[in-house]
Number of protein chains: 2
Amino acid sequence: MAITIKDVAGRAGVSVATASRVLSGGRRVSPELADRVRESARELGYRHNAVARALRHGRTSSVGMIVPEIGNPFFPSLVEAVERTLSESGRDLLLCDAQQDPSVELRRARTLMARQVDGLIVIPVSASASRAALDEVASRLPVIQLDRFVTDYLGDWVGVDDALGISLAVEHIAALGSRSVAFVSAEPECSSAQQRLRGFTEATQRMGLLESGDRLLGEFSAGWGRAAAQKLLAGPSLPDAVVCGNDEIAVGLLGEFRRARVRVPDDVLVTGFDDIRFAALADPPLTTIRQPHEVIASECIRLLDARMDDADLPAQRIAIAPSLIARESTGSVS
Amino acid sequence: MAITIKDVAGRAGVSVATASRVLSGGRRVSPELADRVRESARELGYRHNAVARALRHGRTSSVGMIVPEIGNPFFPSLVEAVERTLSESGRDLLLCDAQQDPSVELRRARTLMARQVDGLIVIPVSASASRAALDEVASRLPVIQLDRFVTDYLGDWVGVDDALGISLAVEHIAALGSRSVAFVSAEPECSSAQQRLRGFTEATQRMGLLESGDRLLGEFSAGWGRAAAQKLLAGPSLPDAVVCGNDEIAVGLLGEFRRARVRVPDDVLVTGFDDIRFAALADPPLTTIRQPHEVIASECIRLLDARMDDADLPAQRIAIAPSLIARESTGSVS
DNA sequence: CACAGCTTGGTAAACGATTACACCGCTCGG
DNA sequence: CCGAGCGGTGTAATCGTTTACCAAGCTGTG
């Protein structure tokens with residue numbers, strides 16, 4: 001068995017209470033005893049047992065996080081930012097992957113609750129089907145929705161202003177002279193998809209642009225971007241610009257356009273969303289909407305802490321403005 | 001306060017022992033009492049407390065994992081596979097990011113130990129500087145090194161056979177007629193970089209290829225790929241092929257070649273390593289070495305479990321063969 | 001000089017679950 | 001008819017820590 005505080009106390013010739021006070025800084029302890037305890041702990045290689053401490057305190061100093069699918073290149077950067085922010089206050093992250101499945105998401109939420117995490121950060125898989133998990137958790141724990149939210153669910157949320165982001169993209173291509181524009185995104189299953197769609201509709205109307213072709217809604221993947229490009233190519237004429245719901249779609253689309261010898265940006269402008277690591281490396285480099293991960297993560301933790309402080313705080317929804325990163329896919333920089 | 005097993009027992013009119021036996025299946029309990037307990041638990045919305053259970057059992061049913069940098073696109077897929085594999089046996093993953101810094105890595109290892117994880121999976125940041133963390137942990141916990149390993153460290157490891165992978169790439173480009181080949185990779189700071197470098201040296205010698213230009217060693221990033229491409233372009237002549245240490249480097253290199261109007265594969269062949277999500281979407285699609293994540297993850301957990309079973313098992317090093325994925329960057333499929 | 005008040009240490013009770021052990025009442029075999 | 005054995009239940013110890021409470025000793029003041 002590992003060294004416990006009892007062993008440390010024994011070797012130092014003090015009671016466990018004193019040892020505990022020295023090691024986790026409760027009350028004052030006389031210098032000589034404190035030294036003896038520290039020395040003894042060092043000699044024995046004592047390490048505190050966070051499980052026992054958590055049981056006693058009723059807090060684990062850990063936060064759970066459920067992500068729809070960690071393999072999706074946008075989420076790791078958010079996870080990284082959250083993990084870093086938490087570590088600044090000495091807390092750890094328990095990460096779970098929902099495998100894009102609301103029932104897995106619910107199971108994960110339950111095990112995280114069982115592990116007594118102090119709070120939960122959820123990027124919901126679905127705007128509707130994730131409600132069950134959130135409801136169940138929220139009755140017992142502080143929960144913050146990150147990035148995406150559940151429709152009509154009254155809870156805290158922090159994320160990027162998706163509609164604004166898309167409108168930045170639309171304004172950008174309009175300013176470059178585009179008159180007709182297509183939208184390739186995901187079915188409005190999660191809030192991001194919904195808000196981006198709404199943002200697109202509103203912005204195009206506001207700016208008096210022609211919507212060319214149907215809105216092509218599939219999923220947030222390069223494969224869908226490819227398929228959508230084929231649909232566009234099969235149509236009577238290409239739009240002046242294609243606004244994509246995320247970068248993966250845009251990258252897939254660019255690949256298909258390239259294969260079909262459609263030149264970007266000469267023949268058609270293309271924009272993405274998220275500014276994932278590879279957006280700048282695409283061919284051509286992708287104009288996109290950047291999400292400020294660090295800000296989003298730190299607002300998320302701030303909100304979580306506020307909620308932990310006061311469960312009766314009114315729900316907050318914090319939408320953070322993204323920014324447009326102009327690259328060659330919308331302008332001949334070369 | 002939350003509902004405890006005491007509340008459940010009280011409401012069902014039985015002792016906590018009986019309630020516990022019903023709820024976590026210890027000894028047999030008479031059907032009527034069992035029903036009463038289950039009913040009472042349901043009515044009260046009882047959820048067990050995994051912290052208390054862990055303290056009692058001395059096991060947490062959780063595994064820690066330390067990753068050099070979750071933002072690096074190769075790691076999330078490994079994390080995903082590990083998480084899924086663990087969840088099959090009802091265990092959770094505590095994920096930590098080492099921020100590419102061995103001292104952060106050590107701190108993370110310590111907090112994971114404090115949390116009493118049942119085992120630890122480490123992708124070491126450095127082949128030398130990560131030793132301290134591993135030594136400290138290994139004396140108390142089962143540890144498996146994943147993907148990378150520490151030099152001369154006697155511990156379990158599971159990963160891909162890096163040298164073999166590179167030799168696959170070299171043989172591939174040799175078979176396509178290349179006579180001169182450059183190697184662009186990272187400084188041999190971690191074992192992957194070391195093994196890939198060794199694999200390159202051995203394979204080129206074995207096949208009698210000319211090594212063109214110096215080996216260009218920087219870091220595993222697209223930025224370095226770009227810089228390396230510029231160095232190659234500045235040289236007297238391009239090699240027939242460039243073998244890259246990973247996909248990010250290759251993608252950066254492709255971008256720079258494109259800008260310089262060097263045609264791939266016509267003027268020069270390029271290969272990557274890892275088969276990250278974006279490899280197939282690069283321009284041209286990247287020939288690369290695929291790592292079988294699922295196999296690696298499941299072998300990793302198998303080894304971890306074996307180690308947990310018997311701490312005295314001799315150390316195992318499991319190198320899994322990768323496979324070559326041929327795409328257009330080494331052949332004019334179009 | 002006596003006593004209030006402060007400091008410092010120890011004793012023991014939590015935290016929530018599991019489980020060794022004791023006990024009770026039944027059944028069944030001799 | 002008695003005792004052994006067994007199935008089912010409760011009591012209480014336990015996991016490692018923190019901390020409320022208590023006691024003892026010391027200081028300083030009226």
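A, B, ... follow the sequence lines: proteins, then strands. Residue 1 opens every chain.
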Rounded to whole Å, CD1 of A:I3 lies from P of D:dC15 at a distance of 15 Å
- Is the side chain of A:R36 donor-acceptor paired with the backbone N or O of A:A12 at a distance under 3.5 Å, no angle test? yes
Rounded to whole Å, the CD-C1' distance (A:Q116 to C:dA17) equals 11 Å
Between CG of B:L55 and C1' of C:dT19 the distance, given in whole Å, is 14 Å
Taken to the nearest whole Å, CG/A:N49 to C1'/C:dC15 is 13 Å
Given protein heavy atoms under 4.0 Å, the one-letter contact record of nucleotides 8-14 of chain C, with B base, S sugar-phosphate only and - none, is simply BBBB-BB
Separation of D:dG10 atom C1' from B:I5 atom CD1, nearest Å, is 14 Å
Could you list the donor-acceptor pairs under 3.5 angstrom formed between side-chain atoms of residues 122-129 of chain B and any protein atom two or more places apart in sequence or on another chain?
residue	atom	partner	partner atom	Å
B:S126	OG	B:S128	N	3.0
B:S126	OG	B:S128	OG	3.3
B:S126	OG	B:A129	N	2.8
B:S126	OG	B:E189	OE2	2.8

### Message
Please tell me if B:H57 has a side-chain N or O lying less than 4.0 Å from either OP1 or OP2 of D:dT14.
### Response
no
Basic-acidic side-chain contact under 4.0 Å: A:D35, A:R38: yes
**Item:** Residues B:R108, B:E105: salt bridge by 4.0 Å N-O rule
**Value:** no
When you compare the side chains of A:Q316 and A:D156, does any donor N or O come within less than 3.5 Å of an acceptor on the partner? no
Taken to the nearest whole Å, CZ/B:R47 to P/C:dA17 is 12 Å
Would A:T60 and A:D118 count as having a side-chain donor-acceptor pair, cut-off 3.5 Å? yes
From CG of A:D7 across to C1' of D:dG16 the rounded distance in Å is 10 Å
